[in-house]
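Structure first, then comments.
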Amino acid sequence: MRIGELSRRTGVHTHQLRYYEAQGLLEADRGANGYREYEENAVLRVKQIRHLLGAGLSSEDIEYLLPCALGEAPELLGCPELLAAMRSRLQRLDDQMAALAQSRDALATYIDGAERTGRESYPPCDEADLGPAPAQGAPVLSLAQASP
DNA sequence: TTTCTTACA
DNA sequence: TGTAAGGA
């Protein structure tokens, strides 16, 4: 099938499908016209990719573990080494969450204190000095970081 | 019409 | 990720 049909059957935009291919997650043959031709199993493959992305895994991680993926969910069986890598990343995620919670509390305390005094600084501080907010939607986990 | 690549926010 | 240009 071509990319349009795969898009319809998976609910994933063609742009994203090309992106998955560029990331090495999805294979496609090329017809004489240069159009991508997908195998029937690409439908399942795309659904697996969506699920794993939803779990916060990076493209790199997914490329690594897709061969272990079974079914749509997908189940990741028969990969003890993969399981170990994911456990270590889960641990790091917990650590990060703890650190974030600490930062959050400290910040909330500052805000609370500032609001309590009701006074303003002189000269007034520039909001722009705080810099841009961190990008949203960035992968939380990365296998690359897991193996030094 | 559909898909392609490339580029940009 | 989303959107767009310009061709085949």
Side-chain angles (χ1 to χ4, degrees), chain A residues 1-108 110-111 114-115 120-121 123-148:
Chain A
M1 80 196 81
R2 292 189 309 208
I3 198 170
E5 184 181 347
L6 182 60
S7 173
R8 278 188 296 275
R9 289 177 58 179
T10 58
V12 176
H13 288 157
T14 58
H15 188 83
Q16 296 174 295
L17 295 174
R18 295 192 192 98
Y19 178 72
Y20 296 160
E21 182 182 340
Q23 299 298 303
L25 305 181
L26 193 59
E27 278 186 7
D29 295 328
R30 295 292 180 138
N33 51 12
Y35 289 5
R36 291 171 178 79
E37 284 290 341
Y38 294 96
E39 306 283 329
E40 186 62 30
N41 61 20
V43 176
L44 175 62
R45 186 82 160 185
V46 170
K47 289 176 180 173
Q48 291 175 332
I49 293 171
R50 295 299 290 179
H51 274 96
L52 295 171
L53 283 174
L57 296 165
S58 69
S59 301
E60 197 178 354
D61 294 344
I62 296 173
E63 178 182 9
Y64 174 64
L65 59 77
L66 261 183
C68 303
L70 205 64
E72 189 176 326
E75 250 180 308
L76 302 171
L77 296 178
C79 281
E81 135 195 343
L82 169 67
L83 203 56
M86 293 180 79
R87 278 207 191 89
S88 81
R89 278 178 297 150
L90 185 61
Q91 179 61 56
R92 184 182 17 261
L93 192 56
D94 287 340
D95 293 345
Q96 290 175 333
M97 287 174 68
L100 282 174
Q102 202 169 9
S103 296
R104 201 215 80 92
D105 288 348
L107 191 55
Y110 277 121
I111 292 172
E115 286 175 342
E120 294 189 0
S121 68
C125 46
D126 187 353
E127 202 176 335
D129 287 344
L130 290 175
Q136 296 292 306
V140 183
L141 302 169
S142 174
L143 263 185
Q145 297 171 0
S147 44

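Order of the sequence lines fixes the chain letters, A, B, ..., with proteins taken first and strands second; residue numbering starts at 1 for each chain.
Look at C:dA8: its Watson-Crick or wobble partner, with both distances under 3.5 angstrom, is B:dT2.
Residue A:Arg36 has a polar side-chain atom (N or O) positioned under 4.0 Å from OP1 or OP2 of B:dT5. One finds no side-chain N or O of A:Arg18 lying less than 4.0 angstrom from the OP1 or OP2 phosphate oxygen of C:dT1.
In the displayed structure, A:Arg104 atom CZ is contacted under 6.0 Å by at most 12 heavy atoms of other residues, nucleotides or ligands.
If you measure from atom CZ of A:Arg30 to atom P of B:dC4, you get 6 Å, rounded to the nearest angstrom. In this structure, A:Glu21 atom CD and B:dT3 atom P are separated by 14 Å, rounded to whole Å. As rounded to whole Å, 8 Å separates atom P of B:dC4 from atom CG of A:Asn33. Rounded to whole Å, atom P of B:dT3 lies 10 Å from atom OH of A:Tyr38. Atom P of nucleotide C:dT3 and atom CG of A:Leu17 are separated by 15 Å, given to the nearest angstrom. A:Arg2 has its CZ atom 5 Å from the P atom of B:dT3, to the nearest Å.
A donor and an acceptor atom never sit less than 3.5 Å apart when one is taken from the side chain of A:Tyr19 and the other from the base of C:dT1. Between the side chain of A:His15 and the base of C:dT3, a donor-acceptor pair under 3.5 Å is found.
Mapping A:Leu53 and A:Tyr35 onto DNA chain C by nearest heavy atom places A:Leu53 at the nucleotide closer to the 5' end.
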- [ ] Might you work through the side chain to side chain contact (heavy atoms under 4.5 Å, CB included) test for A:Val12 and A:Tyr20, ending with a clear yes or no?
- [x] CA-CA 11 Å; A:Val12 176; A:Tyr20 296 160; 4.0 Å; yes
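Here the side chains of A:Tyr19 and A:Gln23 are in contact, with some heavy-atom distance below 4.5 Å.
For the side-chain contact (heavy atoms from CB on, under 4.5 Å) criterion with A:Tyr38, the lone passing option out of A:Glu21, A:Glu27, A:Arg45 is A:Glu21.
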